[in-house]
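Working notes for the structure below.
When a ligand or atom number is given, it counts from 1 through the structure's own listing order. When a residue number appears, it is its place in the shown sequence, counting from 1.
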Amino acid sequence: MPTRRRSWAEPWKIKMVEPLKMLTADERKAAIEGAGCNTFLLRSEDVYIDLLTDSGTSAMSDRQWAGMMLGDEAYAGSRNYYHLEDAVRDVYGYKHLIPTHQGRAAEHMISRLLIEEGDFVPGNMYFTTTRLHQEMAGATFVDVIIDEAHQPDLMHPFKGNVDLDKFQALIDEVGAEKIPYISDATTVNMCGGQPISLENLRQVSELAHANGILVIHDMTRVAENALLIKEREPGQADRSMEEIVRDICDLTDGCTMSSKKDHLVNIGGFLAVNDDALADKARNMVVIYEGLHTYGGMSGRDMEALSIGIYESIQYDHIHARVGQVHYLGNKIADEGIPIMKPIGTHGVFLDAKRFLPHLDQDEFPAQALAAELYVESGVRAMERGNVSAGRNPDTGENRRPALELVRLTIPRRVYTQAHMDVVAESVMEIWDKRESIGGLEFTYEPEYLRFFQARFRPKC
Ligand code: PLI
């Protein structure tokens with residue numbers, strides 16, 4: 001008897017729907033021109049399938065919605081804060097919780113609390129808001145990710161890993177006293193959602209702690225990273241998501257969290273640390289920028305949905321299907337010979353714009369142009385993750401021209417079906433077929449900070 005194929009499907013069914021609108025090609029062309037060729041500046045109602053980001057765009061579960069009804073909206077001491085504190089301690093093990101409205105508020109606080117002017121912060125590749133907060137606090141960010149991370153076509157199971165030699169070289173060069181912490185992210189967003197291994201984190205933690213350097217964990221997508229540790233790291237296959245996530249956190253001294261990703265909520269985040277004195281300082285700071293230390297920027301109902309989302313994020317069926325959907329899309333695109341960042345990561349499929357549009361110089365912003373073209377072709381909204389996102393070198397004023405010039409097709413959690421993924425893959429194939437006709441872009445407006453959010457462009461003549 002031949003073995004029959006056994007498909008797996010999403011471990012949820014749909015209870016409420018939101019209709020989608022599809023503009024005509026002419027309307028989409030007018031919309032992207034009105035948006036200055038920047039997909040961030042489109043109105044979402046003009047988008048058919050929205051793959052701009054997986055941040056705050058997930059579908060909450062019925063349990064999370066039920067939790068929203070249990071909001072205790074007291075200014076101080078809301079019961080939902082204590083549920084959140086219990087969940088963070090239970091799942092991640094960090095001792096102190098400081099809630100914030102989203103991840104970058106936690107980044108702001110940890111940067112201000114730990115960095116002194118002239119310091120250096122190593123990290124496994126930059127993230128836009130994380131690096132900016134480090135720089136604004138007076139530090140220089142130093143990329144210590146392994147070289148493989150910068151090579152889109154190279155297969156490596158843990159492209160997010162820190163290169164220990166680079167980390168050691170920085171310690172030797174500037175001195176450990178100039179390095180308040182290393183920033184280690186699970187997973188690494190800017191290189192395609194690539195994971196770190198537990199083994200690498202263990203070594204990073206040993207080297208950092210031997211030199212009196214803290215390890216601050218950007219755990220925005222820690223559950224997704226844990227799944228790939230389970231699937232790829234020797235000796236981890238039989239361990240539970242809970243165990244792996246906990247091992248990751250136990251190797252670090254604190255975390256910043258954007259709950260808008262793993263935790264399946266539309267808003268929320270936190271800073272969590274183990275050190276009592278640091279926690280006191282953070283609690284003192286949060287009241288200045290976010291709100292009282294028992295709500296940060298969140299309402300009671302937000303905190304309740306978040307507490308429930310923490311547990312849902314580490315359910316194996318959920319995370320397996322979530323990452324499986326990303327891989328389904330990625331394989332469909334790669335099977336056509338279309339260049340993508342490899343291996344396929346966890347929160348999106350990243351098109352390699354340098355190889356997609358080799359006729360464009362990086363200062364003509366190929367990834368930005370490709371994202372605009374994809375929208376015009378099909379109403380699919382993606383995001384540039386290349387030269388525009390990387391910004392300018394503060395010392396030279398030049399575009400940073402990163403090795404990776406990517407368009408991110410980011411998959412919201414529990415929102416789209418396999419049929420949507422098919423439409424996206426077919427849309428990418430359409431623009432692949434006419435890639436030679438796609439031209440470059442130039443700025444008409446360039447904001448000073450995080451320019452990718454609000455910049456405007458026009459076709460370069
Ligand atoms: O968007 P926030 O402020 O909740 O979180 C900032 C943030 C920090 N670290 C990492 C790795 C992120 O991916 C991140 C936000 N990412 C966004 C918005 C994204 O579209 O990927």
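- Applying the side-chain contact (heavy atoms from CB on, under 4.5 Å) criterion to F158, with sequence neighbours excluded, gives H156, N161, P195, S197, I229, R232, E233.
- Residue pairs meeting the side-chain hydrogen bond (donor to acceptor under 3.5 Å, both in side chains) criterion with at least one partner in residues 365-375, sequence neighbours excluded, are absent.
- Within 6.0 Å of CZ on F453 lie more than 12 heavy atoms contributed by other residues, nucleotides or ligands.
- If you look at ligand 1, the protein residues with a non-hydrogen atom under 4.0 Å away are T53, S55, Q102, G103, R104, E107, F127, T129, N189, D218, T220, R221, S258, K260, K261, M383, R408.
- Qualifying side-chain contact (heavy atoms from CB on, under 4.5 Å) partners for E364, counting only residues two or more places apart in sequence or in other chains: L360, D361, K460.
- Ring centers of Y126 and F141: at least 6.0 Å apart, outside the cut-off.
- Side chains of S389 and E384: a donor-acceptor N/O pair is present below 3.5 angstrom, by distance only.
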